[in-house]
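Data first, discussion second: the structure below is written as structure tokens.
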Amino acid sequence: MTKGRRNSLTTVIIDPTINLFKNQLNGEIQKLVSEQGFDSAGKAFQYWYFKNIWNFEDDLIEEIDTDGGQDQGIDAIYIDDENIVHFFQFKNIGDLNKNYPQGEAEKTFAGIALLQSGEYKGLVNTKLKEQFEQVLKAVRKHYIVHLISPAQGLAEDAKRIFQIRIDDLNKYGEKYSLSVTDIFGLTEEHTKKLRFKVRNPIVFPRVNNPYFTKNREHTSYFFTASGKDIAEIYEKYKDKLLEQNVRANLGKKNSTNAAIYNSCTSDNSKYFCHYNNGITFLCDSSEYDAFTSTVTIDGAQIVNGGQTASTLYQAYTDGKLKDDVFVPVRTINSDKDSDFGANVAINLNNQTKIDSSFLKSNHPVMLRVQDDLAKMGYIYERRGFEFDNLDEEKEDFLAKKYGIGYKSKIIPQKDSAKAYTAFFRQLVQLAKKDSGKIFIDEAEGGSFENIFDTSFSTIKLLTAYTIYTQVLAIVDDFNREKRKKSPLDYTKYTNLSINADVTNLMNKIMAQATIFILGLIFVIRFNKSEIDSESYIKKFSEYFKANSLDLIKHSTDTLLGFFLSGKIAESRTTDSILKSQNIYDQMVKYVEENGLSKELNF
């Protein structure tokens with residue numbers, strides 16, 4: 001859930017998901033203005049909202065639009081399939097901390113009252129007149145007034161005033177209500193759409209008297225399903241069922257999956273139900289029909305047992321799955337509560353050892369990053385090994401979308417977070433020694449909220465990871481050359497004069513120096529006053545791509561110079577030195593004291 005800290009005046013944004021979404025939204029609005037000819041950012045925002053939140057087609061968006069001169073504060077009118085009439089007003093407010101303008105909302109309510117009075121001829125534009133006349137012809141069930149902006153909602157005083165306006169409108173004998181969608185609501189709605197679910201109902205046949213439990217609004221069914229039924233469900237949807245599973249399909253070669261495969265194809269297959277932990281489906285809703293003996297679930301995802309489902313499918317396609325295989329199945333009804341669903345996925349998988357980064361794979365920040373990177377032409381690997389065991393269908397899809405070399409466009413969640421932590425946050429010890437803590441909440445001794453705070457952005461993550469991969473490539477090249485019997489050309493990696501002290505030091509530290517070299521590039525070349533400037537970061541990234549070897553060599557020179565300065569006790573091991581935040585901070589001080597920083601300006 002998106003968060004803010006309330007005070008008497010407004011809401012202070014503290015959730016990085018909000019900033020990520022706002023930046024993405026601004027970028028998409030600018031793109032709409034430049035590429036689709038919208039005459040204002042406000043108009044583009046209105047189009048974006050209907051397209052992305054309500055899933056309207058262009059012709060419907062055009063049809064319901066009433067914005068323009070004499071619109072009386074009403075930008076669109078829509079009558080849905082249930083005869084609910086929706087009045088919309090949009091305000092594309094740039095400042096996240098500004099409230100919805102009360103005066104603009106007053107116009108909307110005055111406009112609705114004017115329409116209801118019937119005395120609007122000559123006072124409204126043609127489209128508004130036509131749309132409202134459609135309203136009069138419809139059997140109206142309910143009216144909803146929508147005020148929408150990518151900033152704060154109405155101030156508390158304004159809420160009370162507009163509740164009075166709603167009461168006044170209800171005097172016409174109709175039912176009115178007010179809906180205010182602010183930056184929090186927009187982020188929440190859009191993030192929900194990034195969580196993939198199987199939209200078609202999944203039906204489990206031959207289920208007799210499943211065990212049913214209910215805890216407040218959430219319900220569960222427990223029953224067994226045949227291995228064949230599970231395999232056929234997986235065959236239909238494949239890895240789409242695992243999008244919210246913290247583990248991707250690990251493939252048949254994985255030792256656990258090999259054991260599952262053996263269990264469902266061997267002479268002991270009849271005991272599979274007792275040997276296997278089963279499969280848990282998280283769903284929006286579930287229903288048992290005693291007459292047809294079926295359990296039907298909607299909006300389904302496998303959040304635990306994904307390896308079981310994929311392995312049963314593999315055995316089924318191999319023709320080896322035994323008929324007597326039955327699987328324990330649990331369905332959990334989330335009632336479309338995304339926070340509850342995320343907690344279910346995390347807690348079910350906390351019971352066995354799993355990489356901490358996997359447990360954050362469905363966090364709104366990660367989903368937002370995935371969406372951002374996709375728009376930039378990259379693939380975000382939210383779960384480790386997610387692209388290691390793709391079926392032919394998914395490989396073809398990725399190749400068509402991103403090109404044959406799509407694997408070069410994969411941005412791994414864990415490695416990119418380490419790179420961002422070392423480069424932009426300058427926390428090299430956390431990145432190198434304690435990287436598991438990056439994805440653990442602060443309450444549990446981790447640093448997740450600190451790393452992914454409001455200063456975080458996708459462009460920073462991408463830039464840091466791009467630089468990291470280049471540094472890693474140089475270090476790997478050094479290590480390969482070092483292993484060869486032929487003499488090593490040290491001048492490829494440093495500008496320092498080559499002597500025994502330099503070569504011995506390089507042989508000793510280079511293998512473990514990637515994170516320190518990465519961090520020092522930021523220290524000696526990045527203009528710190530531009531750290532939140534997206535345009536500067538993009539220019540820096542382009543400059544680095546064109547001059548990567550020179551920048552990496554200069555950073556390496558700085559690292560070597562610090563070691564050669566004699567500031568480190570000889571008793572310390574290289575391994576401990578290149579994992580120490582304290583030592584790194586001393587290096588940064590060394591750079592400052594010796595005037596070694598030459599920040600780039602564009």
Side-chain angles (χ1 to χ4, degrees), residues 10 22 25 29 32-33 38-54 56 60-80 84-96 98-117 120 123-135 140 142-170 172 174-190:
T10 187
K22 178 69 170 177
L25 177 62
I29 288 173
L32 286 170
V33 170
F38 287 102
D39 58 9
S40 68
K43 196 69 181 174
F45 171 57
Q46 179 177 327
Y47 174 86
W48 178 94
Y49 176 83
F50 283 132
K51 195 78 173 174
N52 289 276
I53 303 302
W54 287 63
F56 285 171
L60 179 56
I61 296 173
E62 178 65 26
E63 178 187 326
I64 67 176
D65 178 56
T66 59
D67 187 28
Q70 291 189 306
D71 64 16
Q72 298 298 331
I74 302 170
D75 295 329
I77 301 176
Y78 171 62
I79 306 170
D80 67 23
I84 297 175
V85 179
H86 302 266
F87 293 99
F88 294 92
Q89 187 193 70
F90 296 87
K91 290 300 165 189
N92 184 37
I93 301 169
D95 187 344
L96 276 173
K98 279 193 174 181
N99 285 113
Y100 199 96
Q102 182 175 335
E104 294 299 323
E106 290 277 15
K107 291 180 185 178
T108 301
F109 278 88
I112 294 171
L114 177 66
L115 290 171
Q116 289 285 23
S117 72
Y120 55 81
L123 299 175
V124 300
N125 64 43
T126 302
K127 293 189 73 175
L128 180 58
K129 176 178 176 292
E130 290 174 352
Q131 280 299 102
F132 190 69
E133 287 175 352
Q134 290 296 318
V135 171
R140 285 94 64 195
H142 184 191
Y143 294 85
I144 302 177
V145 182
H146 299 268
L147 305 178
I148 301 155
S149 81
Q152 302 294 313
L154 291 168
E156 291 301 319
D157 288 347
K159 285 180 184 178
R160 288 190 287 271
I161 290 170
F162 287 115
Q163 186 55 54
I164 295 171
R165 300 286 186 274
I166 289 290
D167 293 340
D168 289 341
L169 286 170
N170 285 333
Y172 287 96
E174 308 276 9
K175 181 182 178 184
Y176 275 83
S177 60
L178 175 64
S179 172
V180 180
T181 302
D182 58 13
I183 186 64
F184 300 97
L186 281 174
T187 306
E188 186 86 7
E189 286 300 312
H190 194 249

Practice problem: Could you tell me if the ring centre of Phe38 sits under 6.0 Å from that of Trp48? | Solution: no
Self-check item: Aromatic plane relationship, Phe87 with Tyr176 - under 30° parallel, 30 to 60° tilted, over 60° perpendicular
Solution: parallel
Measure across [X] and [Y] and return the closest heavy-atom pair with its distance rounded to 0.1 Å.
X: Val124; Y: Gln72; result: CG1-CG, 3.8 Å
X: Ala151; Y: Lys98; result: CB-O, 3.4 Å
X: Glu104; Y: Lys91; result: OE1-NZ, 3.1 Å
X: Asp71; Y: Leu128; result: O-CD2, 3.4 Å
X: Ile93; Y: Lys22; result: O-NZ, 2.8 Å
X: Leu154; Y: Lys159; result: O-CE, 3.4 Å

Exercise. Determine, step by step, whether Gln46 and Asp65 satisfy the side-chain hydrogen bond (donor to acceptor under 3.5 Å, both in side chains) criterion, reporting the C-alpha distance in whole Å, the side-chain angles of both residues, the deciding distance to 0.1 Å, and the verdict.
Key: CA-CA 9 Å; Gln46 179 177 327; Asp65 178 56; 2.9 Å; yes
Practice problem: Before giving the answer on side chain to side chain contact (heavy atoms under 4.5 Å, CB included), spell out for Glu106 and Ile161 the whole-Å C-alpha distance, their side-chain angles and the decisive distance to 0.1 Å. | Solution: CA-CA 10 Å; Glu106 290 277 15; Ile161 290 170; 4.0 Å; yes
Exercise. With rounding to the nearest 0.5 Å, note down the distance linking NZ in Lys175 to CD1 in Ile84.
Key: 8.5 Å
Quiz prompt | Qualifying residue for ring-ring contact (aromatic ring centres under 6.0 Å, His included) with Phe56, from Tyr49, Tyr78, Tyr47 | solution = Tyr78
Quiz item: Just checking, is any N or O donor in the side chain of His142 or Ser177 under 3.5 Å from an acceptor N or O on the other one?
Solution: yes
Are [X] and [Y] close enough that some pair of their side-chain heavy atoms sits under 4.5 Å apart?
X: Asn92; Y: Pro150; value: yes
X: Leu115; Y: Ile74; value: yes
X: Ile77; Y: Ile64; value: no

Self-check item: Lys127 bridged to Glu130 by N-O distance under 4.0 Å
Solution: no
